[in-house]
Amino acid sequence: MAGVTPSPDISPVSAATTNGQFPRDSFCLNLSTLPDASNFVLKSTLKSPHLLDSPNGYYPGNGVLNGFKKRPRNMSQSSTDRELSNETQPQPNGPTSNDSRSNNKKRPSTDTIDYPRRRATIACEICRSRKSRCDGSRPKCRLCTELNAECVYREPGIKLDAGDKLILEHLNRIEGLLQTNLAGGLGLVTHSPAASNSTNEELLARSTGNMSGLGMIPSMNGLGTWNSSSSNISTMPKIHTTPALHLLQWPMIRDLVSRPYDPQVLLQLEMAREPLCLGTSLSLDLSNTGAYVQAFFERVNVWYACVNPYNWTSYYRTALSHGFRDGPESCIVLLVLALGHAGSAGSISQQPTDKDPPGLAYFAAAWALLPSLMTRNNMLSAQCHILASAYLFYIVRPLEAWNLLTNTSMKLQLLLSAPGRMPPHAKELSERVYWNTLLFESDLLAELDLPHSGIVQFEETVGLPGGFEDEGDETVGKDELWYFLAEIALRRLLNRVSHLIYTKASPTTSVAALEPLVAELDYQLTQWYEGLPLPVQFPHSRVPLSNPVQTVLRLRYFACRTIIFRPYILAVLNDENAALDPNVQENCRKCLEACIRQLEHITAHHAGHLPYLWQGALSIVSQTLLVMGATMSPSLSALLPPPHQMDIIIDDVVLEIERYAHLAPSLRLSAEIIREAEERRQMFLRSAGLKV
């Protein structure tokens with residue numbers, strides 16, 4: 001039924017990334033008659049152009065995404081660097097964590113040479129810290145015996161590389177911040193981070209994760225060992241002022257609208273929205289199935305990384321045997337076709353309004369299967385819900401997506417809450433479904449005041465995906481992970497910003513109290529950028545990019561940078577004299593520059609419209625309101641491009657958001673708000689004599 005044929009036209013880039021080892025990235029599928037369907041034959045050759053070209057071998061460099069090692073199964077991207085996870089980071093010369101789980105047999109011994117300079121294989125922590133030679137004696141070395149100290153040996157294979165040293169340096173800076181700026185009432189015990197049993201990621205996340213004010217810092221038993229009452233600030237806070245409409249309460253900006261807006265109004269509009277009506281009259285055209293599968297693995301799976309390209313053919317055969325009418329495999333295949341059709345059609349904002357959205361017929365068929373899967377508590381059912389949520393985000397149905405996500409969250413919490421409930425073969429998929437759920441929920445909670453599902457309680461225990469195992473089946477694409485891992489790290493940083501700056505307990509009343517937090521968060525953002533692998537590391541130039549992944553990451557980077565420095569804009573809008581402080585002025589410049597970088601080429605956002613149109617549109621509205629207010633401030637307007645250039649940028653943004661207005665009532669109101677705001681801004685500038 002299905003066969004694999006080697007691709008004769010591997011691109012030079014692909015050849016370069018595999019050192020001449022051509023991957024099995026060509027897939028030819030011939031289908032015979034389907035039950036109750038007209039006879040058709042589908043011939044499709046799927047060739048992956050590799051949206052992200054991954055190097056073959058270990059990626060050098062420091063930061064959150066270093067340490068990517070290509071796996072023998074031809075996985076294009078895998079991350080074993082645990083700057084983003086709670087697992088131990090493997091070394092270039094050692095096995096990866098997944099490898100060690102899958103193969104516990106020792107490697108056969110080889111002849112070794114005893115060099116004259118013999119040393120203890122593993123030095124204890126005390127000897128390491130004192131830079132003394134350790135004799136390696138167990139349970140205590142000679143020095144620890146003499147000092148009557150606890151002798152702790154690091155596990156074999158775990159070494160401090162440049163990334164570890166960077167994290168420890170980072171921890172020292174954080175500890176200094178805690179002691180000098182937030183020390184009142186803290187019982188900080190300065191145990192050595194290197195001697196902790198927690199991993200570097202735990203140390204980093206938990207240390208940076210509790211600086212949001214004295215009322216939010218739990219008691220500590222040494223760095224990295226928090227008690228059960230602590231809250232993880234790498235997750236969205238329950239109450240925060242990050243959403244776009246909160247800016248309508250700021251000085252100057254509140255004068256741009258004729259009436260006050262409740263920040264809850266967007267949620268109320270979405271709740272009152274007409275329900276999604278799929279009907280039963282949608283015909284299922286299977287003539288372009290191959291093209292849509294190809295489009296999914298080339299353009300869509302990179303955002304979610306939740307469909308295994310190595311066992312796709314098996315899923316398809318199972319779905320085909322059921323006539324696409326029953327079972328989770330049928331649901332997954334139909335959702336892949338829906339998203340593939342969407343991915344091949346471009347931005348939904350540019351689709352004809354009198355026609356159904358691309359992929360809706362496939363989604364409707366999958367939707368009919370979801371009720372039988374909602375009560376199943378297994379990973380395939382959760383995977384179906386994630387893919388369905390992804391399509392609902394594509395058609396800009398955020399609340400419908402949230403409802404499916406809560407169901408996914410409950411399934412995951414049940415499966416993760418006790419050992420043995422998760423089959424070993426489902427672990428990799430469970431990690432991907434988990435992080436998709438957390439990312440989706442965080443995006444929604446950033447803009448809407450929705451109940452938290454509780455999925456965050458596993459955020460520090462679920463590992464990062466390391467790559468699907470090749471099951472020996474036909475492969476339809478590559479396992480793209482770099483974007484997904486980068487997005488996890490950036491989302492956690494965005495959540496920290498919300499916790500540290502935009503909650504009621506945040507010390508934002510004083511610029512002096514704000515400064516060390518902003519400096520630390522900006523430092524973490526810089527480390528995130530510098531740690532990106534080269535294929536996804538975007539240039540800081542203003543030139544539009546052809547790579548959609550780099551484009552989206554660059555926009556997300558500047559969005560994060562904007563909200564880090566945004567409080568300084570508020571400080572100046574409250575008091576123009578605040579801009580006399582050079583530090584305040586410089587931080588305002590950084591914020592406004594980041595805003596302009598998101599708005600000056602507004603159509604660049606189309607690259608991320610499939611996963612991020614709704615979230616991105618509200619972010620655009622937020623940045624636009626911010627720069628509008630800045631143009632009305634003498635101190636801030638001096639930091640912006642010339643007025644005529646700002647008019648062009650803002651006009652383009654207003655028109656772009658109006659193109660989204662028909663997609664959702666929340667976006668329609670957003671378009672009305674910034675249209676009115678621009679009209680009133682022009683009136684203000686003319687009345688103030690700032691415009692002819």
Side-chain angles (χ1 to χ4, degrees), residues 63-65 170 208 233-234 236 240-244 246-247 250 442-443 446-447 483 486-502 506 508 511 514-532 536-545 549-572 583-602 604-605 607-608 612 615-616 618-630 636 639-641 649 653:
V64 295
L65 290 178
H170 196 147
T208 59
I233 70 157
S234 292
M236 281 301 299
H240 61 95
T241 58
T242 314
H246 275 278
L247 271 71
W250 286 23
S442 295
D443 282 343
E447 296 295 344
Y483 170 81
E487 178 59 28
I488 292 171
L490 189 59
R491 182 70 257 178
R492 297 185 73 208
L493 177 54
L494 283 162
N495 293 348
R496 284 177 221 150
V497 175
S498 295
H499 258 290
L500 298 177
I501 297 178
Y502 293 97
S506 302
T508 56
V511 171
L514 184 68
E515 190 169 337
L517 296 180
V518 167
E520 179 58 35
L521 292 167
D522 186 44
Y523 175 83
Q524 293 182 27
L525 180 60
T526 301
Q527 293 302 301
W528 173 85
Y529 171 77
E530 292 178 352
L532 291 173
V536 297
Q537 189 178 73
F538 50 86
H540 281 295
S541 64
R542 307 183 95 92
V543 179
L545 302 172
V549 168
Q550 289 183 325
T551 299
V552 170
L553 285 177
R554 184 162 72 177
L555 290 170
R556 300 282 278 178
Y557 167 85
F558 283 117
C560 183
R561 190 166 170 83
T562 296
I563 67 166
I564 288 175
F565 291 102
R566 197 171 80 180
Y568 289 94
I569 302 295
L570 176 59
V572 175
N583 288 333
V584 172
Q585 187 178 101
E586 174 61 16
N587 288 333
C588 286
R589 184 196 63 77
K590 291 176 181 178
C591 178
L592 294 174
E593 180 189 34
C595 284
I596 297 301
R597 294 299 300 273
Q598 296 170 79
L599 304 178
E600 60 187 352
H601 300 295
I602 194 63
H605 289 265
Y612 291 125
Q615 306 94 306
L618 293 180
S619 177
I620 291 170
V621 170
S622 175
Q623 320 315 340
T624 306
L625 290 172
L626 200 65
V627 297
M628 284 180 176
L636 296 176
L639 305 175
L640 290 167
I649 291 174
V653 170

Sub-4.5 Å side-chain heavy-atom contact between [X] and [Y]:
{"X": "W250", "Y": "L625", "value": "no"}
{"X": "R554", "Y": "S541", "value": "yes"}
{"X": "S622", "Y": "L247", "value": "yes"}
{"X": "Q524", "Y": "Q527", "value": "no"}
{"X": "V552", "Y": "Y483", "value": "yes"}
{"X": "R491", "Y": "L494", "value": "yes"}
{"X": "N587", "Y": "P567", "value": "no"}
{"X": "L490", "Y": "L525", "value": "yes"}

>> side-chain contact (heavy atoms from CB on, under 4.5 Å) for L553 and Q550? Distances and angles first, verdict last.
In response: CA-CA 5 Å; L553 285 177; Q550 289 183 325; 5.8 Å; no
Spatial distance of atom [atom1] ([X]) from atom [atom2] ([Y]) [nearest 0.5 Å]:
{"X": "I563", "Y": "T241", "atom1": "CD1", "atom2": "OG1", "value": "10.0 Å"}
{"X": "I596", "Y": "I649", "atom1": "CD1", "atom2": "CD1", "value": "4.5 Å"}
{"X": "Q598", "Y": "T624", "atom1": "CD", "atom2": "OG1", "value": "9.0 Å"}
{"X": "N495", "Y": "L500", "atom1": "CG", "atom2": "CG", "value": "10.5 Å"}
{"X": "R589", "Y": "L640", "atom1": "CZ", "atom2": "CG", "value": "11.5 Å"}
{"X": "L639", "Y": "C588", "atom1": "CG", "atom2": "SG", "value": "6.5 Å"}

> With sequence neighbours excluded, what pairs up with E515 under the side-chain contact (heavy atoms from CB on, under 4.5 Å) test?
Replying inline: Y568, N583
Which pair of non-hydrogen atoms, one from [X] and one from [Y], has the smallest distance, and what is that distance?
{"X": "F565", "Y": "C591", "value": "CB-CB, 3.6 Å"}
{"X": "A594", "Y": "F558", "value": "CB-O, 3.6 Å"}
{"X": "L521", "Y": "R496", "value": "CD2-CB, 4.2 Å"}
{"X": "L592", "Y": "A630", "value": "CD2-CB, 3.8 Å"}

> Between H246 and Y502, is a side-chain contact (heavy atoms from CB on, under 4.5 Å) present by the stated rule, with each step listed?
Replying inline: CA-CA 11 Å; H246 275 278; Y502 293 97; over 6 Å; no
>> Any carboxylate oxygen within less than 4.0 angstrom of a Lys/Arg side-chain nitrogen, looking at E593 and K590?
In response: no
>> So, using salt bridge (Lys or Arg N to Asp or Glu O under 4.0 Å) as the criterion, who are the partners of R556 when residues are at least two apart?
In response: D443, E487
> Taking only residues two or more places apart in sequence or in another chain, which ones pass salt bridge (Lys or Arg N to Asp or Glu O under 4.0 Å) with R561?
Replying inline: D522
>> Tell me every residue that passes ring-ring contact (aromatic ring centres under 6.0 Å, His included) with F538, counting only those two or more places apart in sequence or in another chain.
In response: Y529, H540, Y557
> Can you check whether Y612's main-chain N or O pairs, donor with acceptor, with H605's side chain at less than 3.5 Å?
Replying inline: no
> Please walk me through it: do V653 and V621 pass side-chain contact (heavy atoms from CB on, under 4.5 Å)?
Replying inline: CA-CA 8 Å; V653 170; V621 170; over 6 Å; no
> With T242, which residues qualify under side-chain hydrogen bond (donor to acceptor under 3.5 Å, both in side chains), at least two apart?
Replying inline: H240, S498
> With sequence neighbours left out, what residues match S619 under side-chain hydrogen bond (donor to acceptor under 3.5 Å, both in side chains)?
Replying inline: Q623
